[in-house]
**Q** 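This is the structure I have questions about; it appears just below.
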There are 2 protein chains.
Amino acid sequence: MGKQLTEMLKGTLEGLVLAILSGRPAYGYEITAWLRDQGFSDIAEGTVYALLVRVERRGLVDVEKVPSEKGPPRKVYSLNAQGRAYLEEFWTTWSFLAERLERLREGGK
Amino acid sequence: MGKQLTEMLKGTLEGLVLAILSGRPAYGYEITAWLRDQGFSDIAEGTVYALLVRVERRGLVDVEKVPSEKGPPRKVYSLNAQGRAYLEEFWTTWSFLAERLERLREGGK
DNA sequence: TTCGCTACTCAGCAACGCTAGCTACTGGTA
DNA sequence: TACCAGTAGCTAGCGTTGCTGAGTAGCGAA
């Protein structure tokens, strides 16, 4: 799937991760693993961490440092109120785009 | 919708335009107008033209110069076989992403 | 001749994901 | 003891993409 997916993830990966966090708090390593499990096999580790730093800096998530039994402490992220509002916006934007694309796909057949 | 849509369009605008061309040949100005009509109100002219140059250079479209009654000659683009294959790929990638996002949206409720 | 519409082009910028590294803690193995 | 794999996080530099803002050019109407 490669390059097309890479470009498509720009702008959607953020929503994807926030959507995960809206279900339950999670930490970077875990999120990366989950994404890979879901078929996003070539998601780079660094990408997820950079994204998390970004959303934290924008105040969309709360962070808590939690010690791990195996390895360094985890940074557990959870969606806060601002993040929830932002995610709502994301779904609106996503629906807007998805509707128009789907309409084109139908028409093109 | 602004910034979120801008980022989301990276990777999808290309498919959007190719999908338009799969229905009928069209030229840049026309495509921009159509997009604005569909609600992509802040699509920049330059963006569409740059995209068209890109897909032409990659051999996904054929180009024909057609004189216009009003204004400079039009560059009419039409999707060729390679473009059609690429568009197929695009739909596959899009479905992959859309499915996973939709699943998250359901689960998050 | 000036305005507005049509039609295309281009340089410079910002945002984002990827590449390719690095640090650091734990437990198991040679 | 020394080493390695797995866990966990971080970073600099790069390429791609869309936007900003400006420019060129042709045509018809005021």
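Chain letters run A, B, ... following the sequence lines, proteins first, then strands; residues in each count from 1.
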**Q** Can you name the ring pair (Phe, Tyr, Trp, His ring centres under 6.0 Å) partners of B/Phe90, sequence neighbours left out?
**A**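 Ring pair (Phe, Tyr, Trp, His ring centres under 6.0 Å) check on B/Phe90 returns nothing, list empty.
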**Q** Rounded to the nearest 0.5 Å, what separation is found between the CG atom of B/Leu35 and the CG atom of B/Leu16?
**A**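 Rounded to the nearest 0.5 Å, the CG-CG separation comes out at 5.5 Å.
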**Q** Calculate, to the nearest 0.5 Å, the distance between atoms OG and CG belonging to A/Ser41 and A/Leu5 respectively.
**A**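 Spacing of OG (A/Ser41) from CG (A/Leu5) equals 8.5 Å.
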**Q** Looking at residues at least two apart in the chain, or sitting in another chain, which of them share a salt bridge (charged side-chain N to carboxylate O under 4.0 Å, His left out) with B/Arg36?
**A**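 None.
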**Q** Could you tell me how far apart A/Glu30 (CD) and D/dA8 (C1') are, to the nearest whole angstrom?
**A**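 Going from CD in A/Glu30 over to C1' in D/dA8 covers 12 Å.
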**Q** Just how far is it from atom CD of A/Glu64 to atom NZ of A/Lys75, taken to the nearest 0.5 Å?
**A**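 Spacing of CD (A/Glu64) from NZ (A/Lys75) equals 12.5 Å.
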**Q** With the threshold set at 4.0 Å, does a side-chain nitrogen-carboxylate oxygen contact exist between A/Glu14 and A/Arg58?
**A**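 Salt bridge between A/Glu14 and A/Arg58, a charged N being under 4.0 Å from a carboxylate O: yes.
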**Q** With rounding to the nearest 0.5 angstrom, report the OG1 to CG distance, A/Thr47 to A/Leu9.
**A**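 Result: 9.0 Å between the selected atoms.
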**Q** Would A/Tyr49 and A/Val63 show up in the same hydrophobic cluster when neighbours are defined by side-chain heavy atoms closer than 4.5 Å?
**A**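 No: no chain of side-chain contacts under 4.5 Å links A/Tyr49 to A/Val63.
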**Q** Check step by step if side-chain contact (heavy atoms from CB on, under 4.5 Å) holds for B/Glu30 and B/Arg74.
**A** CA-CA 10 Å; B/Glu30 189 187 4; B/Arg74 297 164 174 164; over 6 Å; no
**Q** For DNA chain C, note the earliest and the latest nucleotide, 5' to 3', having some atom under 4.0 Å of a heavy atom belonging to chain B.
**A**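 With heavy atoms of chain B under 4.0 Å away, the range is C/dT6 to C/dC16.
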**Q** Can you find an N or O donor on one side and an acceptor on the other, under 3.5 Å apart, linking the side chain of B/Lys10 with the base of D/dT16?
**A**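 No pair found.
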**Q** Any carboxylate oxygen within less than 4.0 angstrom of a Lys/Arg side-chain nitrogen, looking at B/Arg105 and B/Glu102?
**A**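 A salt bridge is present here (some side-chain N lies under 4.0 Å from a carboxylate O).
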**Q** For the backbone of A/Phe96 and the side chain of A/Arg100, can you confirm whether one donor and one acceptor N or O come within less than 3.5 Å of each other?
**A**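 Answer holds: yes.
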**Q** Rounded to whole angstrom units, what separation is found between the OH atom of A/Tyr49 and the P atom of D/dA12?
**A**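 Computing the A/Tyr49:OH to D/dA12:P distance gives 17 Å.
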**Q** Would you mind reading off the distance between A/Ile31 atom CD1 and D/dT7 atom P, rounded to a whole angstrom?
**A**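 Answer to the nearest Å: 16 Å.
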**Q** Given that A/Gly28 and A/Glu7 both sit by DNA chain D, which one's nearest nucleotide is further toward the 5' end?
**A**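 With A/Gly28 and A/Glu7 compared, the 5'-side residue is A/Gly28.
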**Q** For B/Tyr77 and for A/Glu14, find the nucleotide of DNA chain C with the closest heavy atom, then tell me which residue's nucleotide is more 5'.
**A**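 Comparing both residues, the 5'-ward one is B/Tyr77.
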**Q** Please round to the nearest 0.5 Å and tell me the distance separating atom CE of A/Met8 and atom NZ of B/Lys10.
**A**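 Interatomic distance, A/Met8 CE to B/Lys10 NZ, rounded to 0.5 Å: 15.0 Å.
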**Q** Which residue, B/Thr12, B/Thr92, B/Thr93, forms the side-chain hydrogen bond (donor to acceptor under 3.5 Å, both in side chains) with A/Gln4?
**A**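 For A/Gln4, the side-chain hydrogen bond (donor to acceptor under 3.5 Å, both in side chains) check succeeds only for B/Thr93.
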**Q** Check each residue of residues 52-71 of chain A for a non-hydrogen atom within less than 4.0 Å of any atom in DNA chain C, then write out the ones that pass by number, or none.
**A**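 The stretch gives A/Arg54, A/Arg58, A/Glu69, A/Gly71 as the residues lying under 4.0 Å from the strand, ordered by number.
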**Q** At a cut-off of 3.5 Å, list every protein nitrogen or oxygen paired with a nitrogen or oxygen from nucleotides 19-22 of chain D, distance to 0.1 Å.
**A**
from: D/dC19; atom 1: OP2; to: B/Thr47; atom 2: OG1; distance (Å): 2.5

**Q** A/Met8 CE to D/dG18 C1': how many Å, rounded?
**A**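 After rounding, the gap between these two atoms is 16 Å.
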**Q** Starting from P on D/dT16, measure out to NZ on A/Lys3 and report it in whole angstrom.
**A**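 Answer to the nearest Å: 7 Å.
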**Q** Here's a test of your reading of the structure: between A/Pro72 and A/Gly11, which maps to the more 5' nucleotide of DNA chain C?
**A**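 This one resolves to A/Gly11.
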**Q** Between the two end axes of the helix from C/dT1-D/dA30 to C/dA30-D/dT1, each built from 5 base pairs, what angle do you get to the nearest 10°?
**A**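 About 20° separates the two local helix axes.
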**Q** How far apart are the closest heavy atoms of B/Gly28 and B/Leu52, and which atoms are they?
**A**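 Answer, listing the atom of B/Gly28 first, then B/Leu52: CA-CD1, 3.6 Å.
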